[in-house]
There are 2 protein chains.
Amino acid sequence: MDQKALAMFSHLSQSLHFAKTARAHHISPSTLSRAIQRLEDEVGGELLHRDNRTVVLTDIGKKFKIYAEQQLEQWHSFKQSLAEKQIELTGKLHIYCSVTAAYSHLPPLLERFRARHPLVEIMLTTGDAADALEQVQNQSVDFAIAAAPEQLPRSVYFHHLDTIAMAVIAPTMACKVQQQLSENVLTWSKIPIILPEHGAARKRFELWYRKKQQGKPMIYATVSGHEALVSMVALGCGVGIVPQVVVDNSPVKDKVRNLANIGEIEPFELGVCCLNQSKAQPLIKAFFQAIS
Amino acid sequence: MDQKALAMFSHLSQSLHFAKTARAHHISPSTLSRAIQRLEDEVGGELLHRDNRTVVLTDIGKKFKIYAEQQLEQWHSFKQSLAEKQIELTGKLHIYCSVTAAYSHLPPLLERFRARHPLVEIMLTTGDAADALEQVQNQSVDFAIAAAPEQLPRSVYFHHLDTIAMAVIAPTMACKVQQQLSENVLTWSKIPIILPEHGAARKRFELWYRKKQQGKPMIYATVSGHEALVSMVALGCGVGIVPQVVVDNSPVKDKVRNLANIGEIEPFELGVCCLNQSKAQPLIKAFFQAIS
DNA sequence: ATAGTTCGTTGCAAAAAACGCAACGTGATG
DNA sequence: CATCACGTTGCGTTTTTTGCAACGAACTAT
């Protein structure tokens with residue numbers, strides 16, 4: 001009966017789909033199933049009737065949905081009312097940010113934080129996403145915004161922000177690549193590909209390409225920095241793999257197009273990470289409070 | 001941030017005393033301390049300022065108190081609104097009840113339960129409190145109302161109802177006992193004592209008497225059934241030990257008086273107990289829902 | 001003074017709760 | 001008929017919670 005369980009129920013009562021809600025909250029379906037069972041136990045009745053094919057809210061469930069959302073709303077406004085009375089924090093907060101995330105995800109976070117703690121000096125370092133964890137573990141920075149690695153080190157705390165979909169893009173202009181793509185049988189090994197130098201996006205590509213079993217890819221270029229990659233694709237150099245969000249924000253997005261039906265590329269998770277031991281520090285604690 | 005934690009905070013914010021609130025909720029002070037720490041962590045600020053001598057609500061604490069009590073109230077009224085729409089349960093519910101508890105604690109419980117489930121047939125068996133657990137473990141009854149034993153068997157679930165204070169009572173009429181009690185130096189070993197045959201009350205007496213270190217007690221009579229005991233005391237046979245609640249409800253309560261300043265007798269815990277494995281049964285579940 | 005109390009907190013080990021994985025049963029789909 | 005999608009459950013592991021004992025601080029009584 002904590003906020004988390006109520007939020008999950010609220011989401012589920014809209015989606016009526018355990019797997020989707022579980023994904024949205026980054027838990028396994030079984031965990032969600034049990035969380036709902038716990039709620040039903042506490043309420044003392046069935047909240048959702050599930051008959052192996054469909055999920056529907058029961059009468060009790062409908063009432064509880066209202067209750068749950070009222071609850072969440074009240075908790076939120078309670079926190080809000082406290083935020084106004086907070087003592088002013090001062091000091092420096094050193095943030096490391098992957099270029100990818102810097103312009104898409106950092107601004108709203110910083111905005112919320114600065115609104116509450118205007119006296120805190122923010123030092124922003126941008127760099128390669130792959131180095132983010134290292135920077136955090138070095139204690140060179142207080143925290144970083146980066147993709148979640150496959151294996152999160154024990155000492156690092158990761159707070160999820162967003163799920164980043166990957167996109168395969170091609171130029172829209174007439175060029176050799178365009179021609180190859182329009183052939184009936186796509187021969188991937190002959191299509192020039194432009195890749196990020198390393199990092200999460202690169203790993204996602206390798207995984208995706210291996211599934212195609214079409215021999216070695218023809219790598220036209222590797223680029224450090226996703227934005228430049230979009231430009232190269234726009235110029236007609238080849239097909240590129242980048243996070244969708246980079247495409248959406250690119251000034252040349254009209255000159256590239258997404259390729260569909262070419263197999264799913266696994267998205268990656270973007271989040272804020274810091275050392276577990278640093279979570280208690282006032283500034284870092286305040287930051288997490290502000291953004292969550 | 002569950003109902004329990006909020007209730008504890010609410011109580012604590014009134015008592016401003018960790019030990020008292022912990023006792024009231026049947027947990028250790030350390031558990032309470034940590035529960036409050038968890039709340040403070042979730043809220044993101046100190047709720048109660050404690051300086052090793054005093055406990056006071058902070059500003060945030062005052063706000064949270066309002067929030068918490070609103071929460072509890074809403075939860076309660078939500079449950080209330082559901083209770084009206086409950087499906088009718090039918091069947092038999094077999095209750096074993098110690099005589100002591102039968103007239104003091106059972107009626108309000110049954111009343112609440114019957115109001116919601118009028119079709120359930122209730123079978124009440126009264127008997128010695130000491131046999132209650134056995135009856136439950138035998139599955140002779142669905143549940144029992146009885147004193148908590150020192151060692152609760154693993155298989156048995158115990159739901160606390162009340163803390164029962166013990167009383168030492170003497171006749172008010174002029175008699176030999178009365179005379180003995182008015183002497184300057186009380187010689188306990190010469191005062192006739194009337195005791196319950198066995199059970200929690202008897203054990204409490206033995207503990208209490210041992211502390212006095214006055215040799216063997218002079219046991220005038222042992223009685224099975226507390227009510228009869230009060231009568232014997234009223235008749236002037238001796239001094240008796242019974243739960244205070246028995247005295248209060250006795251028809252002869254004017255003919256006995258409490259002895260004070262004779263050392264504390266440890267109270268015992270009265271509650272509802274059933275087999276852990278039976279808790280899931282609809283009728284038993286409904287009963288616990290109705291009474292809690 | 002000083003020994004004894006009363007308080008709330010913390011280290012620690014044990015118990016309980018929550019979690020994810022894998023397997024399952026059940027309808028729908030092709 | 002095989003396959004798929006979906007929610008649930010058994011099971012071993014990890015995380016969280018709990019009570020006991022010990023502690024330090026601050027009053028009280030002798």
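Because the structure is predicted, anything quoted here is derived from the model rather than measured. Chain naming here is simple, since letters A, B, ... match the order of the sequence lines and numbering starts at 1 in each.
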Mind listing the N/O atom pairs, protein and nucleotides 14-16 of chain C, below 3.5 Å?
none

Taking CD1 from A/Ile36 and P from C/dC19, how many angstroms apart are they, rounded to a whole number? 12 Å
When you measure from every atom of DNA chain C, which of residues 2-15 of chain A have a heavy atom less than 4.0 Å away? none
Across all chains, not counting sequence neighbours, the side chain to side chain donor-acceptor pair (under 3.5 Å) partners of A/Asp162 are A/His105
Sorted by first residue and then second, give each salt bridge (charged side-chain N to carboxylate O under 4.0 Å, His left out) pair with at least one member in residues 10-36 of chain B; sequence neighbours left out. none
Candidates A/Gln70, A/Lys65, A/Met1 - the one meeting side-chain contact (heavy atoms from CB on, under 4.5 Å) with A/Leu6: A/Met1
Working to the nearest 0.5 angstrom, can you tell me the gap between A/Ile36 CD1 and A/Arg38 CZ? 9.5 Å
Length of the line joining A/Tyr157:OH and D/dT15:C1', which is rounded to integer Å: 14 Å
Whole-Å gap separating P (C/dC7) and NZ (B/Lys20): 7 Å
Using whole Å, what does the distance between atom P of nucleotide C/dC7 and atom CG of B/Leu16 come to? 13 Å
B/His26 NE2 to D/dC20 P, in whole Å, measures 14 Å
Atom CG of B/Leu32 and atom P of D/dT17: how far apart are they, to the nearest Å? 14 Å
Ring pair (Phe, Tyr, Trp, His ring centres under 6.0 Å): which pairs involve residues 273-292 of chain A, sequence neighbours left out? A/Phe113-A/Phe287, A/Phe143-A/Phe287, A/Tyr157-A/Phe288, A/His159-A/Phe288
For C/dT10, take OP1 and OP2 only and decide whether either is under 4.0 Å from a side-chain N or O of B/Gln37. yes
Using the side chain to side chain donor-acceptor pair (under 3.5 Å) criterion, which residues pair with A/Ser30? Sequence neighbours excluded. A/Ser28
Between C/dG8, C/dC19, D/dT8, spot the one nearest the side chain of A/Arg34, thanks. C/dC19
A/Val156 versus A/Cys273, closest heavy-atom pair with distance: CG1-CB, 3.8 Å
To the nearest angstrom, the CG-P distance between A/Leu47 and D/dG7 comes to 15 Å
Which residue pairs satisfy the salt bridge (charged side-chain N to carboxylate O under 4.0 Å, His left out) criterion with at least one member in residues 39-57 of chain A, sequence neighbours excluded? A/Glu40-A/Arg50
Please tabulate the protein-to-nucleotide N/O contacts below 3.5 Å involving nucleotides 26-30 of chain C, giving atom names and distances.
| residue | atom | partner | partner atom | Å |
| --- | --- | --- | --- | --- |
| C/dT26 | O4' | A/Asn52 | ND2 | 3.0 |

Taking only the side-chain nitrogens and oxygens of A/Ser33, find out if one of them lies under 4.0 Å from OP1 or OP2 of D/dT8. yes
For A/Asn258, give me all partners under side chain to side chain donor-acceptor pair (under 3.5 Å), at least two apart in sequence or on another chain. A/Gln244
Between A/His17 and A/Ser30, whichever has its closest DNA chain D nucleotide further toward 5' is A/His17
Euclidean distance, atom CZ of residue A/Phe18 to atom C1' of C/dG25 [Å, nearest integer]: 16 Å
Identify, with sequence neighbours excluded, every residue that meets side chain to side chain donor-acceptor pair (under 3.5 Å) alongside A/His11. A/Thr21
Going by ring pair (Phe, Tyr, Trp, His ring centres under 6.0 Å), name the residues that satisfy it together with B/Phe64, two or more places apart in sequence or in a different chain. A/Phe78, B/Phe9, B/Tyr67
Which pairs count as ring pair (Phe, Tyr, Trp, His ring centres under 6.0 Å) when at least one residue sits in residues 37-58 of chain B, sequence neighbours excluded? none
With a 4.0 Å cut-off on heavy atoms, is B/Arg38 in touch with a base, just the backbone sugar-phosphate, or nothing at all? sugar-phosphate
